[in-house]
Amino acid sequence: MDKKIEFYESWCKGCGICAAFCPKGAITMDKMAGKPVFDEEKCIACGLCELRCPDYAVIIKKKDKE
Amino acid sequence: MDKKIEFYESWCKGCGICAAFCPKGAITMDKMAGKPVFDEEKCIACGLCELRCPDYAVIIKKKDKE
Amino acid sequence: MGKKRYEIRLSGSGGQGMILGGVILAEAAAIHDGINATQTQSYGPEARVGASKSEVIISDGEILFPKTSDLDVLLCLTQKAAQEYIDDLKEDGILIIDSYYVGNVPSKYKNIYKIPFSQIANKEFNTTLVVNIIALGAICAATGCVSEKALFEAVKARVPKGTQEINEKAARLGIKLVKEQK
Amino acid sequence: MGKKRYEIRLSGSGGQGMILGGVILAEAAAIHDGINATQTQSYGPEARVGASKSEVIISDGEILFPKTSDLDVLLCLTQKAAQEYIDDLKEDGILIIDSYYVGNVPSKYKNIYKIPFSQIANKEFNTTLVVNIIALGAICAATGCVSEKALFEAVKARVPKGTQEINEKAARLGIKLVKEQK
Amino acid sequence: MEKNVVHKYLRKNKKFPHIWCPGCGHGVIMSSMLRAIDKQGLDRDDVAVVSGIGCSSRTPTYVDFNTIHTTHGRALAFATGLKLAKPDMTVIVVMGDGDAVGIGGNHFIHAARRNMDLKVIVYNNNIYGMTGGQASPTTPSGKKATTARYGNIERSFDICELAKATGAVYVARSTSYHVQALEKYIHRSLSKKGFTVVEAMTHCPTTYGRLNKIKEPVAGMIYQKDHFIMKAAWDKLPEEKREGKFPMGEFVDIEKTDFVSKYLRLIEANKE
Amino acid sequence: MEKNVVHKYLRKNKKFPHIWCPGCGHGVIMSSMLRAIDKQGLDRDDVAVVSGIGCSSRTPTYVDFNTIHTTHGRALAFATGLKLAKPDMTVIVVMGDGDAVGIGGNHFIHAARRNMDLKVIVYNNNIYGMTGGQASPTTPSGKKATTARYGNIERSFDICELAKATGAVYVARSTSYHVQALEKYIHRSLSKKGFTVVEAMTHCPTTYGRLNKIKEPVAGMIYQKDHFIMKAAWDKLPEEKREGKFPMGEFVDIEKTDFVSKYLRLIEANKE
Amino acid sequence: MSVELPKLGGKFIQMEDEIGSMASIIGASIGGLKSMTATSGPGISLMQENIGYAVITETPCLIVNVQRGGPSTGLPTMPSQGDILQARWGTHGDHPIITIYPHTVPEIFEETIRSVELSEKYRIPVILLLDEVIGHMREKIDIEKVDKNKSFKRKTPDVPNEWFFPYERNSSGVPAFADFGEGYRYHITGLVHDVDGFPTSKPDQIDAFMKRMFRKIDDNLDDILDWEEYELEDSEYMILAAGCVARSAKQAIRTLRDEHGIKIGLLRPKTIWPFISSVLIDKAQDKKKIFVPEMNMGQLLLPTQRFASSICDILPFNKINGEAIYPHELVSFIRRNI
Amino acid sequence: MSVELPKLGGKFIQMEDEIGSMASIIGASIGGLKSMTATSGPGISLMQENIGYAVITETPCLIVNVQRGGPSTGLPTMPSQGDILQARWGTHGDHPIITIYPHTVPEIFEETIRSVELSEKYRIPVILLLDEVIGHMREKIDIEKVDKNKSFKRKTPDVPNEWFFPYERNSSGVPAFADFGEGYRYHITGLVHDVDGFPTSKPDQIDAFMKRMFRKIDDNLDDILDWEEYELEDSEYMILAAGCVARSAKQAIRTLRDEHGIKIGLLRPKTIWPFISSVLIDKAQDKKKIFVPEMNMGQLLLPTQRFASSICDILPFNKINGEAIYPHELVSFIRRNI
Ligand SMILES: Cc1ncc(C[n+]2csc(CCOP(=O)(O)OP(=O)(O)O)c2C)c(N)n1
Ligand SMILES: Cc1ncc(C[n+]2csc(CCOP(=O)(O)OP(=O)(O)O)c2C)c(N)n1
Ligand code: SF4
Ligand code: SF4
Ligand code: SF4
Ligand code: SF4
Ligand code: SF4
Ligand code: SF4
Ligand SMILES: [Mg+2]
Ligand SMILES: [Mg+2]
């Protein structure tokens, strides 16, 4: 699926919620930086990380929809 | 039945409740004076007038109980 | 009227319409006679059981202090009211009492009208509801503090529709009763 | 100490234990060294996200004004804290920074201790929880505002049971690190 | 010796008759309370009667216990402090409907939630009596009040439901007409530990009655007789027949540890 | 153009990230609300967001509507006045649990009773978050708070039950974990007229979490995932298995005329 | 109100308590309506928190307080002037406020209109303080004399949304008020805020905000203050009194002048807060003594002493027994003390 | 408190709001306990109604108010002295009250004890007013210095039940307090009451009650008032300040004396209500100027002007930007103005 993951690092507070609940394990937390790292390959654009991010720092765009 | 009806006129405000709910019709209201008049004969000492008087102006004593 | 300031108190028991009476009297003066008047009354829970009173001050000048202190006229419809308030009446003031309920009054008062208002009301109108209006007629006649015309108009404006005629009659009766005693 | 009034601010991010650090420092002075000290901190929601600070004033005289105005010592564990607070430090004041996080500092300050507190804490103790205690050691050694003995006692009295030994070690390490730079 | 149980508990240094209007149901509720207290056999030194402000709240003035006439709506909060100070005292809280669930609604639901061991008696006349007849939260929809001249457009609270929903351990309703049941429920509540509520429906000839054409005290009581139905019968009543009728009886009677008992245990466990 | 619906409604003149702690559930609730508003297709000039005081009550600052940050516990009373003045405005009231049913409990039950057309969203973190963790009326028994260090000895309120008992026309509960259901319920409430309540359970790592050993945001959400059960399943659950679990879903969904509509009719009928 | 308002399309609601009443009139004002509430005694204490909210958010509204005697439940329906200083200082935190104190029923009518006007004009809650004596009295109002065409609309923004600052610092000190729903989506908060309406903790912004809040009142005293001078022209002595006590004072002055030849007059503040300090200072100059009769233990006395004690002697006359002050009491007190 | 009180057998309860907190401490006090509550900002406004109840029922209790900036929500956790006059006048109806204002942490400790003592002794609520600066500060307390054996029991009745008048007019002006449950079954009400505790509307009884309520405080100013004089002996100038501003003032005085040779001292009321008027009048006599620095727009200034404006010049220094007053600001203000 064609998708785009937008991540606004300066809004992210590194809580780890996106990573914990990604159904595909497409997000891992960079321990040192305290920020998520997205694996575009694994991501299925379900949008759950966007929905649950308390800081609106992730946007998942499905390209096919546009 | 031996009984005694005590009535404290100065506490009575003449509301008519005692008379209205006496099961034996033993109480009538004196219209001019605005106070109840008790008919000892009819009274069965059920005590309801005492229970319902909002001004504690009636006491029914059953003599046999004393 | 010949007086600048006239202090009137109507007193009786709760339910005798003393407050409405005061309002009508004040309106007769202020609206219909075009002079000045104030009306006050006591409030609070105590007002419900004990004596009820209503005070009216009428003046052709400005009314400064709005409470009564030396009554020119006192109306008492019950003994309780008489006991409570009689001391506030000036020695040369006018006392109007319901002679059926009010017994003794201090002998110093000379201008007394004794009228059995409730009994008359019951007899003439078959209701005590108009006692206050008869009393207003009496006050009007006894004092001249408001004109008869103003009183009738004020009564008409305040009493429930349909009772205007009987109330005007009641007022007229009050006037007559006083004139008879004058 | 040679100074009557000594103003110290500990700053870092929320969760780095700046407040506890301030309390320990103040208690070291007031209880264990027997001189005077006050400790204040900022509260409010803002304190939770932004920079967190704690202020201690130590004096062998009476402490009158209890807020800092001219800092004698400033500890900064984050760049954000440094940015926010550095201007409050006197020109001849002592600046202690976490050299891993805090980059540039104004050149006018000459008395600077640069220590990578978090990294050292991680390396030596395998936790960053003791960063504040290492920093207290550093402040103690850099300024002499409290005695080493008082500091150890104050640390022991405040940290959770079972962690007293490791915290004393942390304090000693802080002292050592500064002495090496002196 | 006093002539009857009610006279026994009336204050000797107060002038009677009391201040309530002729035929006001409040007097009936007060005597029911006194008989219940007598039946429970409490030492009057160990009884406090706490009220808010309103006609109903004149009760404490007349009864020979430790009495407090507090501020409007806050009786339960005062009573909470008193109960904490005197865990063994029986603290009865009498309130009007406005007092209890109007301005005082928050204290009501929280005292219930906490299960404070307070014995609440709500004198419910469906109106603000003392201040001349403003609508209260229990004024039925459509009924009149000085602040609802066109008929009340608000839904009204069922105090018993509210008490039940928020945690009371005993909830019952009776009326000034059903005076024997009233006495029984109050007595029952006095014998329970925890937050108890007896809703005593009372007729108010002067304000509610005057505004809603039930002017005579007797008419008020007849209304109660005709419109209040025992819970058992009520439960069987088909929905369409319930209109205009109200259930009475005991609605809740459960056991739960009260706040102060829990607190005393906490003290016991942590005392130094 | 904004990147997504949430960003679309964020205030451009406010600095982000917001003030809430890292991982705080409040941010999730706010975005659910924004998506629901968007779905409902409201003109943002016709939307007001009114709050009390607390962490949750910081919401109005961030969203691009007509917003009011009122006093602690009083949001519903302010909103009531606003709604009377602007009957056509959608007035959303966001409150913390302390705000809504602690200090503000009386306004809550009365707004429900009156059926004021207000859309309530309670951010329930089971504690006073902003002031550092005092117990709230929803802190579960036994759990810790700064004012309940030995474990809370009070019973806690079920906000949905309270809303139901006092007259709300729509009542639902979801969590910051169950974010899709949350959005759905808020949307549903926006499309109803009358007093609606959505209780949004939110995890608070900083105070409730720290005191009750659920320090990590992720742990807070896992707790929600494990402990909240859809109503249908809950209803089938035997009593003994309910311990420690909570129902979520839609609890009330009824039709009743709201206060302002009734009032407008009253004006129509009596206008001179 | 509940009877009349619906007829005029107005709205009346009886809230669950006075806290809610105060909150709801603020909410209604934000929605663009003129709004008011009324209470007596305890209710006014409950309103204090939200009165402060109206002050800091600069939301116009009117609060009527018919004073009763005593603290707490006190003496319901008995007269007193116990809430004069509470009207000024009742809410926490330093703040300005306007309080108006009429002394006759027709004046209540006029001053209610003026109060609403001041409230809207300066975006500040106005307290209309009444005496029970007058609150429970009927008196003649010459409705013809009232200018019915007088109407005052609050100043609303005249710039597009994007350029609107809800708490701008303009020359008048009073920012325009955007009613909700008019397209200006802004934020209102009880926290100290900057010109954009958002909370601030920056000392210079706080200072600017707080100072403006005071300045908008201080700069407009000419418009806000009002008072009556009665027989003051040739007076050697002055009474300072407000509300119904001023009526007793006038009556007393009549007696003192007419029967005792004492040259005495009355200064009666109609606006009591802010206080008419400069008027007092001016009028006090040629007086021998100032008498301050009050139905309390001395409240208007305080600003009178503050501003005039270095000018002349000030004598309080206090009565707190639940009765009005009778003119004859004042007459004899004044005769004894000159 | 919630942690420590159970250990000592004391009771702590978190009420649903500040109205309830205030009510419950009164209830607890009636039950015989020493009781207190604490708040900051809005909470104190909510407590006002029941503070009045404590005054009129003469129930001892302690209210701690840590002031914050601004009216309403204002500036949480930022310092201000905005509630000084509210402490005096916050509740409706004329009334006396005691307010204590310490300036260091150890003094808070001592003054809390004194406040409770005064409250019990005079049967009056006492407000302990604190500055945020000091409320959120740690400072050394020499606990050894505190007299732990000092204990104060309220005066309880020493007559049998039948002869007990809960509000008797005795020579001290303070009637004995019968804790509930001790056999004195009496009535407590927020209505004005006579000696027997029952409501009255008789003018002479009202008058006697109200006057006694004021008299019990006025007659005991020697015991109630407390203040500190700092470097006042030889001073030509005087600062009048309370709370943490007094600490800035002391620091400023050090600088002014040591570096600029200005003879200046400080008068610091510890009891702020009732005001230390006679002390001020006395100390003001030989001063050239009095400076009144405050973190508000002028509140202590008012009584200062009232009592001393005919004696010497009074200069306010006001700061309301959420910051403390720095000593150097005072130094330069004073140097500019002498
Ligand atoms: C804070 C406050 N608000 C309002 C009042 C005025 N007030 C006195 S009694 C009352 C209502 C009484 O109604 P309710 O509690 O139902 O008692 P009732 O008189 O009907 O028995 C009100 C509003 C008050 N005393 N205090
Ligand atoms: C009248 C009043 N009392 C107390 C406070 C202090 N206060 C601010 S927020 C808050 C509690 C907030 O808890 P909650 O409503 O649950 O919101 P949360 O912060 O948890 O989201 C309190 C007690 C206040 N601002 N006003
Ligand atoms: S959920 Fe949001 S804030 Fe949290 S780590 Fe992921 S992107 Fe960052
Ligand atoms: S969109 Fe879904 S799959 Fe992709 S990263 Fe987010 S949660 Fe994982
Ligand atoms: S019920 Fe009592 S008060 Fe009423 S008429 Fe009978 S005796 Fe009198
Ligand atoms: S006791 Fe019974 S029967 Fe006798 S008068 Fe009373 S009510 Fe009637
Ligand atoms: S007003 Fe009603 S409730 Fe009050 S005393 Fe009169 S009848 Fe009873
Ligand atoms: S304290 Fe709790 S509720 Fe408040 S912002 Fe932090 S995590 Fe969220
Ligand atoms: Mg009622
Ligand atoms: Mg919360």
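Within every chain, numbering begins at 1; the chains are lettered A, B, ... in the order of the sequence lines, protein sequences first and strands thereafter. The basis for the numbers below is simple: all heavy atoms, side chains too, and nothing from hydrogens, waters or symmetry mates.
Scanning for side chain to side chain donor-acceptor pair (under 3.5 Å) contacts around G:K211 gives G:D207, with sequence neighbours left out. Take H:Y167 and apply the ring-ring contact (aromatic ring centres under 6.0 Å, His included) test, not counting sequence neighbours, and it matches H:H193.
Neither the backbone nor the side chain of H:I311 comes within less than 4.5 Å of any heavy atom in chain G. Residue contact with chain H, scored on non-hydrogen atoms closer than 4.5 Å, is absent for G:M295. Interface remark: H:M78 contributes side-chain atoms only to the contact with chain G (heavy atom separation under 4.5 Å). Of the two parts of H:Y53, the backbone and the side chain both hold a non-hydrogen atom closer than 4.5 Å to a non-hydrogen atom of chain G. Interface remark: H:T304 contributes no atoms to any contact with chain G (heavy atom separation under 4.5 Å). For a residue to count as touching a neighbouring chain, one of its non-hydrogen atoms must lie under 4.5 Å from one of that chain's; by this rule G:I51 does not touch chain H.
Top candidate by heavy-atom pairs under 4.5 Å with chain G, chosen from H:A308, H:S310, H:G322, is H:S310. Contact count against chain G (heavy-atom pairs under 4.5 Å) is highest for H:T73 among H:V55, H:T73, H:T57. For the set H:P71, H:S80, H:A208, the count of heavy-atom pairs under 4.5 angstrom toward chain G peaks at H:P71. Of the listed residues (G:M297, G:Q205, G:R68), the greatest number of heavy-atom pairs within a distance under 4.5 Å of chain H belongs to G:M297.
Expressed to the nearest 0.5 Å, how far CD1 of G:I84 lies from CD1 of G:I127 amounts to 12.0 Å.
Remark: the H:Y101 side chain and the H:Q81 side chain contain an N/O donor-acceptor pair separated by less than 3.5 Å.
Among residues at least two apart or in separate chains, salt bridge (Lys or Arg N to Asp or Glu O under 4.0 Å) pairs with a member in residues 311-322 of chain G are G:K319-G:E323, G:K319-G:E329.
Close approach to chain H, defined as a heavy atom under 4.5 Å from one of its heavy atoms, is seen in G:G41, G:P42, G:I44, G:S45, G:L46, G:Q48, G:E49 of residues 37-50 of chain G, taken by number.
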